[in-house]
Trainee: 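Would you mind keeping the following structure in view while I ask a few things?
Worth saying up front: this structure is predicted, and the values here are computed from it rather than measured.
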Amino acid sequence: MAKIELKPVGTNLLKSVSGECVELQSLWRDKPVVLFFLRRFGCQVCRWTAAEISKLEPDLTAHGIALVGIGPEETGLKEFKEGGFFKGDLYIDEKKQCYKDLGFKRYTALSVVPAALGKKIREVTTKAKAQGIQGNFTGDLLQSGGMLIVAKGGEKVLLHFVQDSPGDYVPLEDISKALDISANVQAGERPQLLIICCRERSAWQGFYF
C-alpha cells in the first residue's frame, strides 16, 4: 500500500449530516480519529461492520479519540441513522475524492461478480440477520471502502486499510492496537454477502450487499 500523504487528502471537503461543509483534516486537528469509509449506507455488511466498530465507542471516547463514519453519497443515510447502526458522527464525501485519494477502488459491473464470489466471501458466516440487520440495493453498488486512523494533529497515519473484497473489514483488536488502547469488547461474526445477478442489455451485472 502506497504511503498516504495527509496534507492533500486533508483538504478534501465533506458534508456533515446537518449540511455543514468541513475539511477532512479538521476531524483530526484536535484529537486522534478513526475514519470508517462505508461502501454505501444500504450495504448490509457495512451496517454490520458499523455496529461492530461502534462497540469500541465507549473506549474511544474515554481515550479522547473521535469515531467518524463517511459515506460516498447521501442515498440511504436517513434509514442508516434511524437504524442506529453507528455511534459516531457521520459525513458525506459527495465528490468521492477521499475515496479516490485513499485508493478505495471502484468495481465494474463485471468485476464485482468474481469479487463477491471470492473465497473470503464464501467463508463469511451469517450473523447480521440474527442481529436483525438488513440491507438493500439502493445507492452506488460498485464503490468499495476502508478505514483510516490518524493521530492527533495529523502527526502520522496509524492505520490505512483498503478493502480487497466487499467482505473485508478491520478486526476490532487491530483498531485497538493501532491506537495503543485496550478495549473490553467481543467481536461478532461477519454476515454473509448476498448476491443477485440479473441480465440487462445482454450483459450480466452483479449486485451485492
Trainee: Within the structure provided, determine whether Arg40 and Leu141 are in side-chain contact (heavy-atom separation under 4.5 Å).
Mentor: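 Answer yes - side chains close enough.
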Trainee: Please step through side-chain contact (heavy atoms from CB on, under 4.5 Å) for the pair Lys15 and Glu74, ending with a clear verdict.
Mentor: CA-CA 10 Å; Lys15 187 174 75 172; Glu74 199 163 342; 3.0 Å; yes
Trainee: With rounding to the nearest 0.5 Å, note down the distance linking CD in Gln163 to OH in Tyr107.
Mentor: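 Rounded to the nearest 0.5 Å, the CD-OH separation comes to 6.5 Å.
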Trainee: To the nearest 0.5 Å, what is the distance between CH2 on Trp28 and CG on Leu35?
Mentor: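 Output value for this atom pair is 6.5 Å.
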Trainee: Do you know which two heavy atoms are closest between Pro32 and Gly64, and how far apart they sit?
Mentor: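 Here Pro32 and Gly64 meet closest at CD-O, 3.5 Å.
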Trainee: Do Arg106 and Phe104 pass the side-chain contact (heavy atoms from CB on, under 4.5 Å) test, and can you show the C-alpha distance, the side-chain angles, and the key distance before you say yes or no?
Mentor: CA-CA 7 Å; Arg106 287 188 59 78; Phe104 301 147; over 6 Å; no
Trainee: Would you give the length of the straight line joining atom CG of Leu13 to atom SG of Cys98, rounded to the nearest 0.5 angstrom?
Mentor: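 Leu13 atom CG to Cys98 atom SG measures 8.5 Å (nearest 0.5 Å).
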Trainee: State the CD-OG1 distance between Glu73 and Thr138, to the nearest 0.5 angstrom.
Mentor: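 Nearest 0.5 Å value for the CD-OG1 distance: 7.5 Å.
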Trainee: Are the side chain of His160 and the backbone of Leu102 linked by a donor-acceptor contact shorter than 3.5 Å?
Mentor: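 Confirmed, His160 side chain pairs with Leu102 backbone.
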Trainee: Is it the case that more than 12 heavy atoms not belonging to Glu155 sit under 6.0 Å from its CD atom?
Mentor: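 Counting neighbours around CD of Glu155, 12 or fewer heavy atoms of other residues, nucleotides or ligands fall under 6.0 Å, so no.
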Trainee: Can you tell me how far apart CG (Asp101) and NZ (Lys96) are? Round to the nearest 0.5 Å.
Mentor: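 Between Asp101 CG and Lys96 NZ, I get 14.0 Å after rounding to 0.5 Å.
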Trainee: Is it the case that the side chains of Asp93 and Gln97 hold a donor-acceptor pair, with the cut-off being a distance below 3.5 Å and no angle test?
Mentor: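 Judged by distance alone, the side chains do not pair up.
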Trainee: Does the side chain of Leu179 come within less than 4.5 Å of Leu56's, by heavy atoms?
Mentor: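 Result no, sub-4.5 Å side-chain heavy-atom pair not found.
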Trainee: Measuring only between side-chain heavy atoms, which start at C-beta, is Phe86 closer than 4.5 Å to Leu38?
Mentor: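 Heavy-atom side-chain distance check fails, nothing below 4.5 Å.
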Trainee: Grab the two heavy atoms, one from Ser54 and one from Pro58, that are nearest each other, plus how far apart they are.
Mentor: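 Ser54 and Pro58 have their closest heavy atoms at O-CD, 3.9 Å.
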Trainee: Which pair of non-hydrogen atoms, one from Val68 and one from Val33, has the smallest distance, and what is that distance?
Mentor: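 Scanning both residues, the minimum pair turns out to be CG2-CG2, 3.9 Å.
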Trainee: Should Tyr99 and Ile70 be marked as a side-chain contact (heavy atoms from CB on, under 4.5 Å) after you check the CA-CA gap, both sets of side-chain angles, and the distance that decides it?
Mentor: CA-CA 10 Å; Tyr99 284 76; Ile70 299 173; 4.3 Å; yes
Trainee: With a 4.5 Å heavy-atom cut-off, do Gln134 and Glu79 have their side chains touching?
Mentor: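 Not touching, per the 4.5 Å side-chain cut-off.
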Trainee: How close do Thr108 and Leu142 get, heavy atom to heavy atom, and via which atoms?
Mentor: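 Smallest heavy-atom distance, with atoms named: O-CD2, 3.9 Å.
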Trainee: Only one of Val150, Thr11, Leu6 passes side chain to side chain contact (heavy atoms under 4.5 Å, CB included) with Gln25; say which it is.
Mentor: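 Exactly one option meets the side chain to side chain contact (heavy atoms under 4.5 Å, CB included) with Gln25, and it is Thr11.
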Trainee: Supply the atom-to-atom distance Phe137 CZ to Cys43 SG, rounded to the nearest 0.5 angstrom.
Mentor: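 Answer rounded to 0.5 Å: 10.5 Å.
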Trainee: Would you check, one step at a time, whether the test side-chain contact (heavy atoms from CB on, under 4.5 Å) holds for Asp89 with Val17?
Mentor: CA-CA 8 Å; Asp89 295 328; Val17 293; over 6 Å; no
Trainee: Over 60° means perpendicular and under 30° means parallel, so tell me whether Phe41 and Phe80 are parallel, tilted or perpendicular.
Mentor: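 It falls in the tilted class, 30° to 60°.
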Trainee: Within a strict 4.5 Å, meaning less than it, do heavy atoms of the Val162 and Lys105 side chains meet?
Mentor: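 Of all side-chain heavy-atom pairs linking Lys105 with Val162, none is under 4.5 Å.
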Trainee: Lys31 versus Ile65: any side-chain heavy-atom pair under 4.5 Å?
Mentor: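 No, too far: nothing below the 4.5 Å cut-off.
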Trainee: Can you confirm whether Arg39 sits close enough to Asp140 that some side-chain heavy atom of one is under 4.5 Å from a side-chain heavy atom of the other?
Mentor: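 The answer is no, as the side chains (C-beta and beyond) never meet within the 4.5 Å cut-off.
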Trainee: Which pair of non-hydrogen atoms, one from Leu77 and one from Ile92, has the smallest distance, and what is that distance?
Mentor: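 Heavy-atom minimum between the residues: CD2-CD1, 4.1 Å.
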Trainee: Does the salt bridge (Lys or Arg N to Asp or Glu O under 4.0 Å) test come out yes or no for Lys177 and Glu173, once each step is laid out?
Mentor: CA-CA 6 Å; Lys177 183 178 179 180; Glu173 57 268 27; over 6 Å; no
Trainee: Give the ring-plane orientation class for Tyr169 versus Trp48, where under 30° counts as parallel, over 60° as perpendicular and anything between as tilted.
Mentor: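 The arrangement is perpendicular - the two ring planes meet at more than 60°.
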Trainee: Taking the side chain as every heavy atom from C-beta outward, state whether Val170 and Ile149 have any atom pair closer than 4.5 Å.
Mentor: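 Side chain of Val170 against side chain of Ile149, heavy atoms only: no contact under 4.5 Å found.
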Trainee: Can you name the nearest heavy-atom pair linking Lys81 to Leu90, along with the distance?
Mentor: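 Minimum heavy-atom contact is CG-CD1, 3.8 Å.
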